[in-house]
Amino acid sequence: MIVIVSSEKGGTGKTTISTNLTIMRAQKGVDVFLIDADSQRSAIDFSAVREQEGHQPSFCCAGISGPGTYDEIRKMSQKFDDTVVDVGGRDTLTLRKALLAADIVVVPFIPSQLDVWGLDRMNEIIGEAKSVNENLRAISVMNKVDSNPKIILGDEALVIAKDLKNIEFSGLTLGYRVSYRRSIAEGMAVTELSKSKKDEKATAEMISLYHEVFRDA
Ligand SMILES: Nc1ncnc2c1ncn2[C@@H]1O[C@H](COP(=O)(O)OP(=O)(O)O)[C@@H](O)[C@H]1O
Ligand SMILES: [Mg+2]
């Protein structure tokens with residue numbers, strides 16, 4: 001299975017989600033490959049930290065971009081059970097090529113007006129990809145959701161996310177939690193934090209996202 005995690009905007013949680021999904025998949029004994037197709041190369045940096053820290057399970061990670069993206073993803077993914085691709089949306093050629101190779105694309109967005117505009121453009125790009133890659137599944141997840149119910153920005157973003165023609169809102173949200181930042185800095189998935197740092201809410205919501213993406217799990 002080839003999973004793309006992408007959004008037009010930076011900071012929406014692409015690298016957080018793609019690295020967490022990769023590790024959780026590897027924990028199931030699946031041979032999973034993480035491709036960093038974002039010019040920021042954060043997934044590669046994260047993988048280097050994980051390796052330095054010696055956390056297990058380990059996984060392969062490589063960077064790709066540009067016109068060869070489709071062929072490279074297809075070729076490289078054949079050697080693995082599953083492939084997760086972290087794609088920054090601004091390089092639309094890489095994104096468009098990656099979408100043609102994918103089984104599912106996960107689109108994180110944060111509850112802000114600027115992000116919602118980005119979601120509209122992702123909807124268009126994914127619509128075009130679906131006209132060629134007919135079995136592509138596209139889901140969105142709202143990230144960095146404030147726990148304060150008085151903040152209604154999330155509600156407005158949700159209305160728009162639920163209305164998109166080509167991206168289905170998964171119904172899933174990830175809260176704004178320091179444990180996501182802490183785990184990334186340590187080269188870990190949020191589910192791997194040690195007992196004293198464990199965040200049950202973050203763990204539960206990331207597991208829900210995992211099950212939504214890898215439905216067989
Ligand atoms: N749910 C969250 N709660 C708190 N911080 C988060 C959350 N998701 C991501 N972050 C932090 O926000 C920043 C951007 O996230 P990142 O995954 O790198 O986004 P992207 O890859 O889309 O640019 C990082 O510092 C990350 O640790
Ligand atoms: Mg990133």
Side-chain angles (χ1 to χ4, degrees), residues 3-24 34-50 53 55 59 61-65 69 83-92 94-95 98-99 105-112 114-119 121-122 125-126 138-149 151 153-154 157-158 161 167 169-193 197-210 212-213:
V3 180
I4 307 282
V5 183
S6 187
S7 64
E8 232 215 1
K9 301 286 173 181
T12 55
K14 293 179 287 293
T15 304
T16 303
I17 291 172
S18 51
T19 52
N20 272 270
L21 291 179
T22 299
I23 292 168
M24 292 165 81
L34 177 62
I35 295 180
D36 192 338
D38 189 328
S39 54
Q40 292 196 344
R41 295 293 190 243
S42 310
I44 288 183
D45 291 342
F46 170 84
S47 304
V49 171
R50 184 172 178 86
E53 297 293 324
H55 300 311
F59 53 83
C61 180
I64 58 167
S65 58
T69 298
T83 300
V84 177
V85 193
D86 178 357
V87 190
R90 274 147 301 168
D91 183 356
T92 52
T94 302
L95 171 60
L99 287 173
V105 53
V106 179
V107 183
F109 65 98
I110 54 179
S112 82
L114 288 173
D115 244 66
V116 170
W117 287 328
L119 207 51
R121 279 189 291 271
M122 279 301 288
I125 293 170
I126 288 172
I139 60 167
S140 64
V141 53
M142 187 154 71
N143 188 20
K144 299 188 177 176
V145 177
D146 204 295
S147 55
N148 183 350
I151 299 191
L153 267 174
L158 266 189
I167 309 172
F169 178 59
S170 63
L172 301 174
T173 58
L174 306 177
Y176 192 95
R177 307 181 198 287
V178 72
S179 52
Y180 285 111
R181 289 214 304 273
R182 188 176 282 159
S183 53
I184 285 280
E186 294 183 18
M188 290 173 148
V190 76
T191 52
E192 294 179 302
L193 286 172
K197 296 178 189 164
K198 194 131 195 105
D199 181 337
E200 297 295 349
K201 286 183 180 162
T203 298
E205 59 198 14
M206 197 50 88
I207 289 175
S208 296
L209 180 58
Y210 173 88
E212 182 62 35
V213 172

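In this text the structure is predicted, and so the values were computed from the model without any measurement. Both counts, for ligands and for their atoms, begin at 1 and track the order of listing. Along the sequence shown, the residues carry numbers beginning at 1.
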Please state which part of [X] comes within less than 4.0 Å of ligand 1, counting heavy atoms only: side chain, backbone, both or neither.
| X | value |
| --- | --- |
| Thr15 | both |
| Asn143 | side chain |
| Arg177 | backbone |

Do ligand 1 and [X] have nitrogen or oxygen atoms that lie under 3.5 Å from each other?
| X | result |
| --- | --- |
| Tyr176 | no |
| Thr12 | yes |
| Gln40 | no |
| Thr16 | yes |
| Leu174 | no |
| Gly11 | yes |

Requested in this report: Report yes or no: does Thr16 have an N/O/S atom closer than 2.8 Å to the Mg ion (ligand 2)?
Outcome: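 Checking Thr16: none of its N, O or S atoms is under 2.8 Å.
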
Query raised in the report: Measuring from the heavy atoms of Gly175, does anything fall under 4.0 Å of ligand 1?
Result: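 Yes, that is the case, since the closest heavy atom of the residue is under 4.0 Å from the ligand.
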
Report task. Report yes if the side chains of Leu172 and Glu205 come closer than 4.5 Å at any heavy-atom pair, otherwise no. Result -> no

Query raised in the report: Could you state the interatomic distance from CG (Leu174) to CD1 (Ile17), rounded to the nearest 0.5 Å?
Result: 5.0 Å

